[in-house]
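Both counts, for ligands and for their atoms, begin at 1 and track the order of listing.
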Amino acid sequence: MRKVSIFGATGSIGQNTIDLIRRDAGAYQTVALTGGRNIERLAQDARDLRAEVAVTAYPECLNDLRDALVGSGVEAAAGPEALIEAADRPADWIMSAIVGAAGLAPGLAALRHGTTLALANKESLVAAGALLHSEVAKHNARLLPVDSEHSAVFQALVGEDINAVERIIITASGGAFRDWPFEDIANATIAQASAHPNWNMGQRITIDSASMFNKAMEVIETKEFFGVSPEQIEVLVHPQSMVHALVGFNDGALMAHLGAPDMRHAIGYALHWPDRKLLPVERLNLAKIGQLEFRDPDLRHYPALRLAQDVMRGGGLMGAVFNAAKERALDHFIAGHIGFLQMADVVEELMTLMSNHSEIGRAPDDLQTVLTMDALTRQGADDVVTALRKKG
Ligand code: NDP
């Protein structure tokens, strides 16, 4: 039996992972499941999968978790240290699907045990790519992509020489405001930004899709995963979300990966890699679909894509700054403190401010340095938002 742990088990990726594991329950032994505030879901899944331990990220939720697990034989734990302890428990395959920078430390702990880490938590790679890669190399661990675009590229590269790759094109649905006039987007509400046309995902990544901060993160993730240069990465708006990525080779061939917009494909590919196994996802009927559309993204509509290029060119700790500024700007948008388009203004201002920091050019090769830069940026983002609100 394969030992598996799922970090962020109560979220959208976590639940899709559990769905796949449940379908073949006899093949897996669940070590740890982690969540945040959704204690009922966490406890129920931990009972059903007979997990060794269930961990909530929040100490104040521990009593509820303990109560919900009474008589189950599943241990209950809480807090950031407990997440690390859960990552320290031996497992063959670990899903990293905590949302945000909080996923970084448990992911690193898992890699130190030489495990296979299926990485949905793109924030880790954006903030600390060098650190993740060095842990993988040191401990003979493995990092597998879970983002649908990166899984698609990964699959298109099987048996290929990365030196023969000219370009990688990742697609974007265009998010909730794809067809909105630019002038209307400034007044978009949280509810409007939280409605994705094609994918069913957590709220934060759905809003990040509308602003294309998610795509900007994925562009940086592409550079980190596949080691290509910023100039080799392109983004295409593709409203149907069926072509997830394309890889262009030096002989002119363009290999596309198509599939239904269902994360269980990419999760399942990472779960069964290097094999392919039957997955419960829709089979595309291209004759019925008839047409697939592609267009270049309008950078005025999506300033995050321009900022991603600046992050990659800046290097050093700019990825950590970008991720933290984006997360905090999103918190402020969700809290109603700033408008939709102001999120990009806040991130850009933080990138300008932090580019003067004496450590900004340093490689993100140690956790404390990354966390310090993250904390400084979040504080700076709060100050920038306060100033914006004062201005009215
Ligand atoms: P969700 O918001 O649905 O789930 C996030 C998970 O993280 C939940 O289990 C949540 O717990 C937990 N969590 C929240 N805050 C913390 C914290 N501070 N510490 C520890 N755990 C916490 O997110 P998604 O599943 O949509 O996304 C997860 C990751 O996967 C993100 O990095 C996202 O970018 C990436 N991803 C998501 C895709 C998708 O289709 N959803 C596609 C590709 C990548 P609780 O809910 O119990 O509070």
Side-chain angles (χ1 to χ4, degrees), residues 5-19 32-46 54-61 64-65 68 77-84 86-87 95-107 109 117-127 144-152 170 172-173 175 194 196 198-209 211-218 220-222 225 241 244-245 259-267 269-270 281 323-324 326-327 330-331 334 371 374 378:
S5 289
I6 304 169
F7 284 72
T10 50
S12 163
I13 292 288
Q15 289 292 298
N16 277 309
T17 309
I18 287 175
D19 176 73
L33 294 186
T34 86
R37 299 197 186 279
N38 192 346
I39 299 303
E40 203 181 320
R41 181 77 274 140
L42 178 62
Q44 191 57 53
D45 288 337
V55 184
T56 162
Y58 303 106
E60 65 274 21
C61 297
D64 288 347
L65 182 60
E81 289 306 315
L83 287 173
I84 306 287
M95 167 55 76
S96 166
I98 287 175
V99 66
L104 176 58
L117 190 69
L119 191 74
N121 178 263
K122 62 194 86 179
E123 296 88 343
S124 302
L125 261 187
V126 170
L144 294 175
V146 170
D147 239 324
S148 56
E149 297 77 1
H150 304 77
S151 175
I170 59 173
S173 68
S194 303
H196 198 283
N198 304 344
W199 294 91
N200 183 12
M201 310 184 286
Q203 187 195 34
R204 296 183 72 88
I205 187 173
T206 302
I207 300 175
D208 279 349
S209 295
S211 62
M212 280 226 202
F213 266 109
N214 181 50
K215 204 52 55 184
M217 297 280 286
E218 288 176 6
I220 303 166
E221 189 186 2
T222 301
F225 245 119
S241 294
H244 303 306
D262 182 335
M263 284 309 297
R264 290 177 304 174
H265 170 74
I267 296 168
Y269 188 77
V281 300
N323 180 58
K326 174 211 80 101
E327 284 191 19
L330 179 57
D331 292 340
I334 291 173
L371 294 181
D374 179 286
R378 281 170 203 261

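Each of T222, V126, D147 was evaluated against M217; a single residue qualifies, V126, per the side chain to side chain contact (heavy atoms under 4.5 Å, CB included) test. Paired with Q15 under the rule side chain to side chain contact (heavy atoms under 4.5 Å, CB included), one option of I18, T17, D19 passes, and it is I18.
Within the 4.0 Å heavy-atom shell around ligand 1 one does not find R204. Heavy atoms of G14 come nearer than 4.0 angstrom to ligand 1 in no pair at all. Taking a 4.0 Å cut-off on heavy atoms, Y58 registers as neighbouring ligand 1.
At the top of the distance list for atom 7 (O) of ligand 1, counting protein heavy atoms only, stands V99 N, 3.4 Å.
Counting heavy atoms under 4.0 Å from ligand 1, residue R41 does not touch it at all. Under 4.0 Å from ligand 1, heavy atoms of A120 appear from its side chain as well as its backbone. Contacts of S12 with ligand 1, taken as heavy-atom pairs under 4.0 Å, involve both backbone and side chain. Here I205 has side-chain heavy atoms under 4.0 Å from ligand 1, and that is the only part of it that gets that close. Here M263 has side-chain heavy atoms under 4.0 Å from ligand 1, and that is the only part of it that gets that close.
Between R204 and D208, none of the side-chain N atoms (NZ, or NE/NH1/NH2) sits under 4.0 Å from a carboxylate O, so this pair counts as no salt bridge.
Taking OG of S12 as the start and CE of M201 as the end, the distance is 7.5 Å to the nearest 0.5 Å.
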